[in-house]
Amino acid sequence: MSRSAFVLQEMGLSPLWRPRGEPDIHDSPANLAAPIAETAAIVTVATPPSPAAMATPAPVEIPFEIKEATRPAKLPDALPIQDWDSLHAHVAACQRCELAKTRHNVVVGRGNPTARLLIIGEAPGEQEDRQGLPFVGKAGQLLENMLAAAGIHSTEDVYICNVVKCRPPGNRNPAPAEIASCASYLQWQIDTIQPDLIVALGRFAAHTLLNSQAPISTLRKQLHHAHGRPLLVTFHPAYLLRSPGEKAKAWQDWHQVKCQLAS
Ligand code: SF4
């Protein structure tokens, strides 16, 4: 099975349709690693066949800037973090909240710190806590597959992190006090990366970043503006593993991410 067919199968979108006689350009390693702007056309070529859930991602009408989300207050004792090494050192030594007592490793982030795309999830899970890296379990593999299918290179085109940097026990949602304690680290990452686009993965990250309690079905398909940057919302890959029927919607969302980056 070709790489592109595998990727789309993982997303629940295979088989890949393409015109008879047209080469499978998705299988070129150069294409998968190419800069985002140069691969925008790839997504539009990957036209899954009917039924409706496998149709070409319909252009999503994005109303501009539905509202400016409330910017979280910086902590009064915001640390004098100068660079990424300093950030990692501060987070590694951080005891600001209760999560420090149960973590095995802090999870600061991974990817390109000068990327145009910043992906923000909720919190580290068990595998992330063990390895000290975000999105390395099954959900992380699905995220990798979705990025690859969209022609986005997960190490060159993206920086990935979470709202909080330590694992909540039992994968519970982080408490408001824990989010507030960790907010200055996330804000430093956003301010330093200055991404062209933020993607919030899942309801929790979206609610935190947008200071909203609206359902994810409402928050998707709209271009928000938060933390001084454009922001799109899509499903968390862990949710997609539990609800594979939603993968077609996620494909639409990532198609929209590509369009937004190309605009
Ligand atoms: S979650 Fe954030 S604030 Fe809490 S201990 Fe970890 S790094 Fe510090």
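The figures here come from the full heavy-atom set of this structure, side chains too, leaving out hydrogens, waters and symmetry mates. We count ligands from 1, going down the list as the structure has it; atoms in each ligand are counted the same way.
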Counting backbone and side chain alike, does C94 bring an N/O/S atom below 2.8 Å of atom 8 (Fe) of ligand 1?
yes
Answer yes or no: is there a side-chain heavy-atom contact under 4.5 Å between T114 and I193?
no
I160 side chain reached by I119 side chain, heavy atoms, under 4.5 Å
yes
Of all the atoms in C166, is at least one N, O or S atom closer to atom 4 (Fe) of ligand 1 than 2.8 Å?
no
Taking side chain as C-beta onward, heavy atoms only, is D83 less than 4.5 Å from T192?
no
Could you tell me, atom by atom, which parts of ligand 1 come under 4.0 Å of a heavy atom of R96?
3 (S)
Ligand-residue contact atoms, ligand 1 with C182, heavy atoms, under 4.0 Å
1 (S), 2 (Fe), 3 (S), 7 (S)
Short list, please: which atoms of ligand 1 are under 4.0 Å from a heavy atom of S181?
3 (S)
What protein heavy atom sits nearest atom 4 (Fe) of ligand 1, and how far away is it?
C97 SG, 2.3 Å
Under 4.0 Å, heavy-atom basis, I'd like to know which part of R103 is in contact with ligand 1: side chain, backbone, both or neither.
side chain
Heavy-atom contacts with A100 under 4.0 Å: which atoms of ligand 1 show up? List them by number with element.
5 (S)
Within the 6.0 Å centroid threshold, strictly below: F135 and H236
yes
Within a reach of under 6.0 Å around CZ of R203, are more than 12 heavy atoms found that belong to other residues, nucleotides or ligands?
no
Below 30° counts as parallel, above 60° as perpendicular, anything between as tilted: where do the rings of Y159 and W84 land?
tilted
